[in-house]
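Model, not experiment: these values are computed from the prediction.
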Amino acid sequence: MAGEFFSGAASNAVGTLMVDYLVKPIERRLRYLFRFHKLIDDLHQQQNNLNREQTRVEEDVKEAKLQIQTQVIEDYVGEWLTNVENALKDVQNLDSRVEENKRYFRLCPNWCWRYQLGKEIQKKIVYISKLVEDSHFERIGHRAEFPGLEFFTSEDILASKSSTAAFNKIREALKDGKVNMIGVWGMGGVGKTTLVKQVGKKTKEFGYFSKVIEVVVSQKSIIENIQDKIADFLFLEFRSKTKQGRAEELWLLLEKEEVLIILDDMWNEVHLKDIGIPLNENGKGCKIILTTRRKTVCESMKCQVIIPMDVLEPDEAWTLFRMKANLNERVSRDILEEAEKVANECKGLPVAIVTLAAALKSKKTLEDLVRYAWGLELFGKAPDSVLEEVRIQVLDAIDYLKDSCLLLKDGDGGRYVKLHDIVRDVALWIASEEKSNFVIKSRLASLKKSSESCNAISLLDNEEKKFPDGLMHSKLEILLLKNCNVQGTCFQEMRELKVLSLTIVEGSTGFISLYALKCLEKLRTLHLENFKELSHLGDLRTLEILSLRGSNFEGLEDELGRLENLKILDLTDFGLKLVFPPNVIQRLSHLEELYLSGLLYRKISNDIFLKIKFLTRLSLEVSFLHLPLDFEFPELENYNICINRRSSWHDSRFEEARSLKVNEVFPYNAVSQLLGNLESLEVSCIDDEYIECLTNKTQQKVSVSMILQNLKQVRIEGCKSLKVIFQMEEVEGNEDPLLSNLKILHLERLPTLSCIWELPTQHIKLKSLVHLRIEDCPRLKSLFSLSLAEGLVLLKTLHIRSCAELKQIVAELEGDEGEISSTINSHKYMCFPKLTRLNISFCDGLEYIFLTSLAPQWRQGLTLDIRYCCQLKQVFRVGNDSLLQHQQFLRSLSSFTVFCCPQLIDSVVDFEAEEARIERVRLSAFKESFKTSKQLELNSIEDHNLVPEANEDGLNGVTSLQLRDCLYLECLVDTTTTATKNGPTSAFTHLETLKIEFMYRLKALCKGQPPQGFLKNLKHLEVRDCYELRVVGELLHNREENQERPLSNIQSLKLFYVPELRWIFKGPPHSFTLKSLTIVDIDQCRNLKSIFSPSLIQSLELLEQLKIRCCPNLETLFNDGEIESKTSSLPLCLPKLKTLCIICCLKLEYVVPINLAQGLPALELLSVSYCDELKQLFVMPNEQDGVQHHDSLPLSSLQDLQLICLTNLTSFVPQNYVVKAPSLKRLEVNDCPKVMNLPIQQANNQLELKLKVSIFKELFYNTKVFILKIIGDHKNFISNILQGGYIISSLERMELSNLIRLQNIWKGPIHVATNLRELRVRRCNNLTYIFPVTLIPHLPQLSILNIASCQNLKKIIGNDDILASSSSSQGPQSEMKMVFPRLKQILLQNLSKLESFSPLRYHLEFPCLDLLDIKQCSKMITSFSADYLTFTVHAKTDQASQLNDTNPSRKAIFWERRRPPLLPQYEVEAEEISPFK
């Protein structure tokens, strides 16, 4: 019997082996022969799939570049597209070979050839299939990085005991994981801002946070302004226009990273959730440092650490004073004694000490100040004054104030200055003294309180505001307004106004008509920004300076021709096409400065070029073809000339930049007079072998040495014949060093460039070079000689890409390493001491980056990024000398990235980097190099596990690990005996973040029993596209009691597209505890049947968010049967759960049992949709026993309930249960046909309803937002609800659509004051009017009216039956006035039977209207007009028009507040108008 058993087993084993090793290989080879045509069909199918994906990715790339001009396409996307192109060529080659075989072997196939070709086709099918799978990129590109953040810090500020102590406390608080709010408070000027900026700078340098964001909050604390400033740092363009929507966008972006946000100068409490700032509670999110003058602000913001800052101690104050005043030992005792008295009066306040000390110590800034000074005649009234002279005096004054520390220097190219708030307040106080006779108002509140006339008003904050009416402005000389709604009548009292600046912010409603400025007879300077209506501009004949930046208006030429006194005309970024008729510019006989863009592709008259000869400053975009023959630009003080190309953001990079940009042709003769003081040169797409102004090989009008000495920026692109950039054969001995002022050098797409500097090296000093970028210069072999590299003391960024023949960055000297070292020492060489970023990619000939002897000595951490350098073997070419210098370099790395450098063998020494990214590189080359790395990213490595195969020490120092496309990786750690006999005792003990993507062979996180401390500190786990993973956490047997359980600290768990996942946590009961878990997000895990066990539920004390999507086999959130058997013994509760969202779980029959639902006190959002089998949300587990229950379900925090496409849902809770939801604000029920009742009791007066069924009448009362769609009930359903004032008293927004039987919205008399702000009605075809006329006085808040596609609508306002009968009995009446005091938008569209807005004899006024848009309303006879001073829109339905115009065909009516002349000017009528009541 035993023999039969063993023989049977043996035969089975042999059979299996024969199938695996004989049958399957033979079958595979026969397939190449006999299914050859099927292989060809499969190949073509995959070819089609790849073509489709290629088109989609290319379109995504185009769209990404269109959305953001500075978009940088990811390298892996470019590589994929290259691989696709090669693969498609290979398919064409295979097709050609197949066709060739058919011709030669038409009747008798060549079986040997077919076998070989079939094998190749099969391989190509697999390869193309993999390319198709890899085509779904997480992101196509990213915004180009700008240079690192450099916050403003006061120079040479002495570190005091108070500031040092505060700095140390902040540093410790930032290290503390439990602290996310830090408050720094102290009196103004004590140095809080300087301190926190220094903290921000240091944390950025050392990489403690992924981003450091600084926002000045100030007294008004406007949420939208704070959101805008944060978005600027994040390069975020808001999609939403609402404050709440913008907050959600910020929240989603910030919660993914660890970010430090500095909120400077806070005066009041600000709710971070309203802004969209998630606090760092889960390892991601934000830590906040706030500064304030009030300790109560720190307390109200719930700062865990509050740090006071005190003034300087007497000895510290005196030391600082002496330093800032340059009081050394040679200063007399008398002066020192007086100075010490002054210092004592400063009371230890740093800002006062610095200001007064600088007062004892004996370039382009705000251009606006120059223009304001001219307009105010601050430097005389001489008629022959020249603007350039005034500019010099203004700049001198600004420099004096800077030197006195009354103005602070700004880092943005010197274009702006800053003013400390204390200095500002003192300046305003001094200016407001009676003796000065000069009153300034810079705050709206103080302006409203003042009864006296001011000399100056400046309201330039972004907050939308209304300029107060009825104030005295008889002395006003300068008025600066931004985002301010001002009535035109206000200007009638401003007879002395000389300077006016009006800026419109996008989306603003604050506009004025230039018609209102006709009374300003002394106006000299006018700045209008983002204006669309410039009618009547030509009436302002006294103007001498006019700036129309960002404005937009057709017909400007006619207006400009009348402004003959202009000295400055600034049309920068003017939107519409300008076509200047002859003599328009010529008539501006006094013009000195012209800033003109947008003429590149337009024919322009020669009078502009004739006028240029008399200018001192010029900004111009022009085509070379439009330049007159033999035209030469004159010598100009300042210029930005663009020939055959547009201007760019580089223009304002330098102080007083004189810039020349040329494309396709270099017109040397035309620009020769500009070259003597040229600072910025950009040349693109010329065909010459040299750039004429950078070489002296030809006869030159201007000295090339002079040009090279002045240049600060050079950008050369797309010059296909250019061989050398800078070229000089001889230089005079007494010349200053060449290129000594060059800061930026950018060379791109220069295929024949073989040399950058063909100059005598002893005359070149690159001492100012900061940024160097070389791209697509395949013939370059090196960048610098040793002597040139010696002078690169300021170089910060070096970017090299696609230089195929590049061998060295710094050219080697001939000789061995010892000779080179001695040469370097003799030069006292120090290479690149300021370098912070080095990027090298696609340099196929590069074998090493530096010689060890030339190892740079960086003082700050370096980001080193090397990609796709196929011959690169070493970062350093290591010789026979000591490795000490090499190791010193490596310890200074802050980030190290290596992609696709297969020959890199830098394993001879350990490198140390906070961040490391490795792709397609042998990990054995860096096997011992991750000991100090905290962030590790591995892509496409070939190892089967990380521990012990890639690293035997367990990678215990890594805190963040990201794995992607590692096709052979089966697990993170393998502790089985087959992997290692001496496995690691511990692994990943400090790992906090783990992200795994596209790992097709990953089967488990750990193979075998987990080692000590495995993932014990893991906080964030995300797994995506792992097809063989069946379990996330698994224990093979119970652990010791004192051992910490794995995943016990996990805070967020995200599982996306893990199709074979059966269990999330697998092991004996109580093997896992999830006491820290706050977020669970599961998507497309098709084999998952349940989520948690009851024992796990007990540990979910902090769970806040549970989202489950597209899990078609999910039957319950809990293991089957466990809830019913253990509910009596287990207190089930999820006390912190706020969000529960379930989508497309087709087999789910209920959400949670009723006893667990009663333990959801924090639930705010419950959303269930597309769950076909769902019958009840909350069920009674033992309801089948027939026991009747009468109870309530308290959901006290529930605000949002969404039930969508639940075709079998019958009830919300078990029978006889009532849901108490006092906080419910939004209820949406859609496509739930079997629901008959929702037993919800709510007392909130702000409920938003969005329904497609009409069974929830009891919920309508006290509703704030009311949205109804496709209601099938009777014709008066809406009016019955609204009648009596129950809902209308609280209703703010109402949307009605597709209510085909609706005849009346309101019916009967309504005498209740309403809060209705927005009404939208669409496709309600039985309506004949919207409002009864008696309702209009009760709509004081109505702001938006949008009516569309209502086929039978005849009037917007219709006569009530009672009012109509009363009117007819009384005979003719006087005209009645009806005012809509807050209506801002009227949109009427596709109303084919609409005849009028109101009944006859009504005069309508809309004083706040911003937009009137009426289209496809052909029978409309109501006429509209606008008052150009007050912007009030008037409407009237004329009886004559009604009688005579039997079949009118009106065109669309469009009007917006910023363009009043779009409607006729309103003319006051003599007929008496009675107010409507």
**Asked** Taking the side chain as C-beta and beyond, is there a heavy-atom pair between W251 and K273 under 4.5 Å?
**Response** yes
**Item:** Closest heavy-atom pair and its distance - N1298, C1324
**Value:** N-SG, 4.4 Å
**Request:** State plainly whether the residues R246 and E248 are in salt-bridge range, i.e. N to O under 4.0 Å.
**Result:** no
**Message:** Strictly distance-based, threshold 3.5 Å: is any side-chain N or O of S1396 a donor or acceptor partner for the main-chain N or O of I1421?
**Reply:** no
**pair S535-Y515: side-chain heavy atoms closer than 4.5 Å** = no
**Asked** Any donor-acceptor pair under 3.5 Å linking the side chain of N1352 with the backbone of N1325?
**Response** yes
**Asked** If every non-hydrogen atom of L1302 is compared with every non-hydrogen atom of N1304, which pair is closest and at what distance?
**Response** CD1-O, 3.2 Å
**Asked** Regarding T1139 and Q1105, is there a side-chain donor-to-acceptor distance under 3.5 Å anywhere?
**Response** no
**Prompt:** Okay, side chain of E249, backbone of S240: is any donor-acceptor separation there less than 3.5 Å?
**Reply:** yes
**Request:** Go through the steps for I1305 and M1294 under the test side chain to side chain contact (heavy atoms under 4.5 Å, CB included), then give the verdict.
**Result:** CA-CA 11 Å; I1305 300 176; M1294 183 161 68; 3.8 Å; yes
**Complete:** Correct closest heavy-atom pair for R1323 and C1350 would be N-SG, 3.9 Å
**Prompt:** Is it true that E1228 and R1226 make a salt bridge, defined as a side-chain N closer than 4.0 Å to a carboxylate O?
**Reply:** no
**Request:** Could you list the residues that satisfy side-chain contact (heavy atoms from CB on, under 4.5 Å) with N530, not counting sequence neighbours?
**Result:** I504
**Request:** Kindly give the heavy-atom pair with the smallest separation between P1407 and F1380, and that separation in Å.
**Result:** CD-O, 3.4 Å
**S1223 side chain vs S1196 backbone, donor-acceptor pair below 3.5 Å** = yes
**Request:** Please tell me if the side chains of L1166 and L1198 come closer than 4.5 Å, counting only heavy atoms from C-beta onward.
**Result:** yes
**Message:** Please enumerate all residues that pass side-chain contact (heavy atoms from CB on, under 4.5 Å) together with W1455, with sequence neighbours excluded.
**Reply:** L1409, L1412, A1426, V1433, R1457, P1460, L1462, L1463
**Request:** Would you indicate whether the side-chain heavy atoms of L1391 and K1393 approach each other to under 4.5 Å?
**Result:** no
**Asked** Is any side-chain N of the basic residue among E1395 and K1354 closer than 4.0 Å to the acidic one's carboxylate O?
**Response** no
**Asked** Checking side chain to side chain contact (heavy atoms under 4.5 Å, CB included) for the pair I1414/M1420: CA distance, chi angles, key distance, verdict?
**Response** CA-CA 9 Å; I1414 302 175; M1420 181 78 156; 4.1 Å; yes
**Request:** Indicate the atoms forming the closest heavy-atom contact of S1392 with Q1351, along with that distance.
**Result:** OG-O, 3.9 Å
**Asked** Is there side-chain contact between I223 and V270, with heavy atoms separated by less than 4.5 Å?
**Response** yes
**Message:** Below 30° counts as parallel, above 60° as perpendicular, anything between as tilted: where do the rings of Y1466 and H1434 land?
**Reply:** parallel
**Message:** Looking only at the side chains, is there a donor atom on one of S1349 and N1390 sitting less than 3.5 Å from an acceptor on the other?
**Reply:** yes
**Message:** Are the side chains of L1353 and T1328 in contact, using a 4.5 Å heavy-atom criterion?
**Reply:** no
**Side-chain heavy atoms of T1437 within contact of Y1402, under 4.5 Å** = no
**Asked** Q1202 side chain to L1227 main-chain N or O, any donor-acceptor pair under 3.5 Å?
**Response** no
**Request:** Can you establish whether the number of heavy atoms outside Q244 located under 6.0 Å from its atom CD is more than 12?
**Result:** no
**Message:** Looking at every non-hydrogen atom in both residues, tell me the closest pair between P1399 and I1357 and how far apart they are.
**Reply:** CD-O, 3.3 Å
**Asked** So do the side chains of L1203 and N1230 get within less than 4.5 Å of each other, counting heavy atoms only?
**Response** no
**Asked** By side-chain contact (heavy atoms from CB on, under 4.5 Å), which residues pair with S1197, not counting sequence neighbours?
**Response** E1164
**Message:** Is it the case that the side chain of Q227 and the backbone of I275 share a donor-acceptor pair, with hydrogens and angles ignored and the cut-off at 3.5 Å?
**Reply:** yes
**Asked** Do the side chain of S1169 and the main chain of I1143 share a donor and acceptor less than 3.5 angstrom apart?
**Response** no
**Message:** Quick one, F1331 with I1336, criterion side chain to side chain contact (heavy atoms under 4.5 Å, CB included). Give me CA distance, side-chain angles, the key distance, then yes/no.
**Reply:** CA-CA 7 Å; F1331 305 109; I1336 302 305; 3.8 Å; yes
**Item:** side chain to side chain contact (heavy atoms under 4.5 Å, CB included) assessment of I226 paired with V217
**Value:** CA-CA 7 Å; I226 301 173; V217 180; 3.9 Å; yes
